[in-house]
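Numbers for residues simply follow the sequence, beginning at 1. All values below were derived from every heavy atom in this structure, side-chain atoms included, with hydrogens, water molecules and symmetry-related copies excluded.
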Amino acid sequence: MPDRKPTSHSEQPQGADISDTPTSAKSSVASKPHALGRNKRGYIMYGLLSVGIAFFIATVLLGFRLQQVVSDKFTGQLWQLPSVVYARELVLQPGAKVRYEEVLNELKQLKYQQVDRPSRSGEYTSSRLKLEFVRRPFIFKEGKEDERHVVVEFDYTSVKRISEWVERGGKKELKQLGIIRIEPKMLGMLESQTTEQRIYLPKDQMPSALIDALITTEDRDFYQHDGVSIVAIGRAFVANIKAGRTVQGGSTLTQQLAKNLFLSSERSLWRKIKEAYMALIIDHNYEKDQILDAYLNQVYLAQSGKQAIHGFALGARFYFGRPLSELRVDQQALLVGLVKGPSYYNPWRYPERATARRDLVLRMMHDSQMIDNASYKKAIQRPLDVQEKGQLSRRQPAYFDQLRRELTEQVGDKFESGKGLRLFTTLDPLSQEKAEEAVRTTMPKLAKKAGANIENAIVIADRLTGEVRAMVGGSKPGYAGFNRAIDAKRQIGSVVKPAIYLAALSQPERFSLATSLEDKPLKLTGERGEIWSPRNYDRQYRGAVPLYLALAKSYNIPTVNLGMAVGLEGVIDTMAKLGVDRQEIPPLPSMLLGAFTLTPFEVTQMYQTIASGGRKAPLKALSAVVTNDGEVLFQQLPLSSQVVSEQSAWLTMYGLQKTVTEGTARYLNGQLPSSRLAGKTGTSDKGRDSWYVGIDGREVVTVWIGKDDNSNSKLTGSSGALRLYTDYILRRDPEPLVLQRPSEIATFDYQRNQNGTYSQRCLGQEHLPAWDPNGLLKVTCVKKVQRFFQNLFDW
């Protein structure tokens, strides 16, 4: 069988292959799990590495972004700082017409504390006609002045002597002083474009006890950690587990600062991560004292309406009404305690909580040996001693309106909101307070007759300097709204009359206080044939009256006759000199009875010029604008110029004093008979406006009362505005109006005739001053005396 194929050989490999297949398959199946395991671990490792790299990149990118945010904030101005507004400063010097009661009231306004022996800033003691106090340090517009321990002695009307306690040779003695300034009251702030309010105070000017208490209470490892404290987090975790609730936080001061500066208050893990990251960045880039300085001025301590109170400096003002440096240790402890939760520990709503929190801070201070045992026991026994309600100052919206206008007009682009500028004003806190009290007391009484919608405005200016001392823009002084003091143009009625009489008395050769004025029915025909028939308020006619009495009694007909005799242009010229815009005055006879409109502010300017002896001093509320660095951006000193004769102004004031003693303002004389006050009532047509302008030795006060819809107020100047002024001046305690008689004015005797006219007599029953520049009146009288004796001897 040679042709037979050796299939065994040819099949053997196949057989071998077939027989080997199970073995190979088993080997492959056995090794596959190992390969898959290695691949799975590789994938996981690759995934973890990718996630790690992504996380690292994201962390770095987040770090860069947060670093930029932190750097931008800390490199520039950290906060938008509002402009702080101050009242006028009270200057004392021997001979100044400032009384003991005024200075005592000033110290009380400034929250000085009465003690037996003053030794610290902000303390005083008083005795009869003598005050001893430690004047606070203050940065005036001219620069910083340290605290001064002074003694001021008074007589009944002025400052008698000023002395200062100084140390010489190890002993204290009194040294005579020529002048001392008392720091001005902080009135409030012109808000910047932010809801946060603060007064920046550097860390090194804050009490060390407060700073130590803050660190002990909130972050005892502040100077050891790097922005985030693992120890604090662990300690808080254990405390919260034991209590079964959140009783302690683990955030450092740096974390709190990061949250308050850059983040919201939402409770989320992402916010906590960013907070911690930013805290690390802040701690790495800035010194601990820089961080602490920022925290002390950033910490949130209260809410006042829409404004959030930040920082311990402003917090001290809000809760205690005093500078931070003057707070006792227990008061400082309360502020530190409030950091944990100003709303929860609100001392007015929850005094028990606030007391417990304060005492806890005091105990921690005691345990840390910051205060001794005696001080601790004394501190926890004290009441909270917060002021009546949380406030930075009384609101003066009307005054601040005027201030903003002057800033725009006088300072312009130099005034930058948010830069923490310091604005010095002319406001007198006592005048403002008493004006507001008078409004709150008197207006409800007048509303019973006039109606509930009756409104008012008050403008008070210094008689000599024109500095605006107070302003009220409506029947609710503390509320912002339409400012009637500077925006309400109303018919001024008889308030215009002193300008007419002044214009006449400026012509002594034609007019004097004794000049007879006709008081008879009068008809005036206009250019178009229209007839105007003015009448006296009481509808009566007296035939003739002397000029001074026509002013005092506010008779209309004699006033119109006088104005026409002077000439409309002459009257308008005089009013323009007094400070009234000529464009506001219509050249019509009706303007002689005030048939045109002015604001209370404009009326005050007119009367200030008359009351100062004819020297016009433009009314102003802004005194100076100073930067935080002490640069004076703007300052204006009191300036005045003689615009009408001193003699005619003095004679007009004489007539206005007669208004109080025997004219339309007699009611005031019954309340204050010895103050020699001057004033003028005014009532516009149909009783729409009630006016009174009052003048004492200190101030010119314009009061307007009426309705915004221009309807009848049912009040005259005497029954309305005069009553409000009387309430104010009784509270303010007027300075007697003593007018120095100018040259060329002398007193002459007059005989009152049956028809009401006055004739000069050498020995008349009436005595009136007159401006006699050429000596004609005096010569006439002397000639008559000489003729009398000559006739006697000839006989």
Side-chain angles (χ1 to χ4, degrees), residues 397-399 401-402 435-461 470-499 534 537 554 556 580-581 584-586 590-607 659 664-665 667-668 679-694 700-729:
Y399 195 91
D401 279 349
Q402 177 63 25
E436 292 179 8
E437 289 176 359
V439 168
R440 294 189 183 100
T441 302
T442 302
M443 288 305 292
K445 298 176 183 176
L446 297 177
K448 293 178 180 178
K449 179 179 180 181
N453 59 339
I454 195 72
E455 282 293 349
N456 70 272
I458 300 176
V459 178
I460 304 175
M471 189 179 289
V472 177
S475 58
K476 296 180 180 179
Y479 292 88
F482 181 54
N483 189 348
R484 296 162 187 84
I486 58 178
D487 290 326
K489 284 190 172 293
R490 306 291 298 214
Q491 281 205 3
I492 63 174
S494 295
V495 169
V496 74
K497 290 177 180 175
Y537 184 79
S554 198
N556 289 341
V580 179
D581 184 355
E584 301 283 351
I585 312 168
S590 59
M591 74 90 174
L592 298 170
L593 297 183
F596 64 98
T597 61
L598 293 177
T599 66
F601 191 84
E602 291 170 320
V603 170
T604 307
Q605 179 69 81
M606 181 172 72
Y607 274 80
T659 301
T664 57
Y667 171 79
L668 179 59
K680 184 70 190 75
T681 57
T683 310
S684 69
D685 188 37
K686 297 182 181 180
R688 294 187 179 100
D689 305 278
S690 169
W691 291 88
Y692 186 74
V693 182
V700 175
V701 182
T702 298
V703 179
W704 168 84
I705 294 177
K707 296 183 178 181
D708 290 338
D709 63 6
N710 218 26
S711 61
N712 192 335
S713 69
K714 301 177 184 177
L715 298 171
T716 65
S718 298
S719 65
L722 175 61
R723 304 306 169 104
L724 181 52
Y725 173 79
T726 302
D727 189 338
Y728 164 74
I729 203 66

Atom [atom1] in [X], atom [atom2] in [Y]: separation rounded to 0.5 Å?
{"X": "Ile492", "Y": "Met606", "atom1": "CD1", "atom2": "CE", "value": "5.0 Å"}
{"X": "Phe601", "Y": "Asp487", "atom1": "CZ", "atom2": "CG", "value": "11.0 Å"}
{"X": "Leu715", "Y": "Leu446", "atom1": "CG", "atom2": "CG", "value": "6.0 Å"}
{"X": "Thr442", "Y": "Leu724", "atom1": "OG1", "atom2": "CG", "value": "5.5 Å"}
{"X": "Leu593", "Y": "Asp685", "atom1": "CG", "atom2": "CG", "value": "10.0 Å"}

Less than 4.5 Å apart, side chain to side chain, heavy atoms only: is that true for [X] and [Y]?
{"X": "Leu668", "Y": "Ile729", "result": "yes"}
{"X": "Val693", "Y": "Val700", "result": "yes"}
{"X": "Lys445", "Y": "Arg723", "result": "no"}
{"X": "Thr726", "Y": "Tyr692", "result": "no"}
{"X": "Asp708", "Y": "Asn453", "result": "no"}
{"X": "Ser718", "Y": "Tyr667", "result": "no"}
{"X": "Ile486", "Y": "Met471", "result": "yes"}
{"X": "Asn483", "Y": "Gln402", "result": "no"}

- [ ] Applying ring-ring contact (aromatic ring centres under 6.0 Å, His included), name anything that partners Tyr728, two or more places apart in sequence or on another chain.
- [x] none
Over all atoms of both residues, closest heavy-atom pair of [X] and [Y]:
{"X": "Ser713", "Y": "Ile454", "answer": "CB-CD1, 3.9 Å"}
{"X": "Gly478", "Y": "Arg440", "answer": "N-NH2, 4.3 Å"}
{"X": "Asn556", "Y": "Ser494", "answer": "OD1-OG, 4.2 Å"}
{"X": "Gly687", "Y": "Asn712", "answer": "O-OD1, 3.3 Å"}
{"X": "Pro444", "Y": "Val439", "answer": "CD-O, 3.7 Å"}
{"X": "Lys707", "Y": "Ala450", "answer": "NZ-O, 2.7 Å"}

Task: Working for side chain to side chain contact (heavy atoms under 4.5 Å, CB included), residues Arg490 and Asn710 - done: CA-CA 9 Å; Arg490 306 291 298 214; Asn710 218 26; 2.9 Å; yes
Given 3.5 Å as the limit, does a donor-acceptor pair link the side chain of [X] with the main chain of [Y], or not?
{"X": "Arg688", "Y": "Ser711", "answer": "no"}
{"X": "Lys680", "Y": "Thr659", "answer": "no"}
{"X": "Trp691", "Y": "Gln491", "answer": "yes"}
{"X": "Glu602", "Y": "Thr599", "answer": "yes"}
{"X": "Ser690", "Y": "Thr716", "answer": "yes"}
{"X": "Thr604", "Y": "Pro600", "answer": "yes"}
{"X": "Tyr479", "Y": "Gly474", "answer": "no"}

Open item on the list: Check this for me: Tyr537, atom OH, are more than 12 non-hydrogen atoms of other residues, nucleotides or ligands nearer than 6.0 Å?
Closed with: no
- [ ] Report, as yes or no, whether the 6.0 Å neighbourhood of atom NZ on Lys686 holds more than 12 heavy atoms from other residues, nucleotides or ligands.
- [x] no
Task: Side chains of Thr441 and Asp727, donor plus acceptor under 3.5 Å - done: no
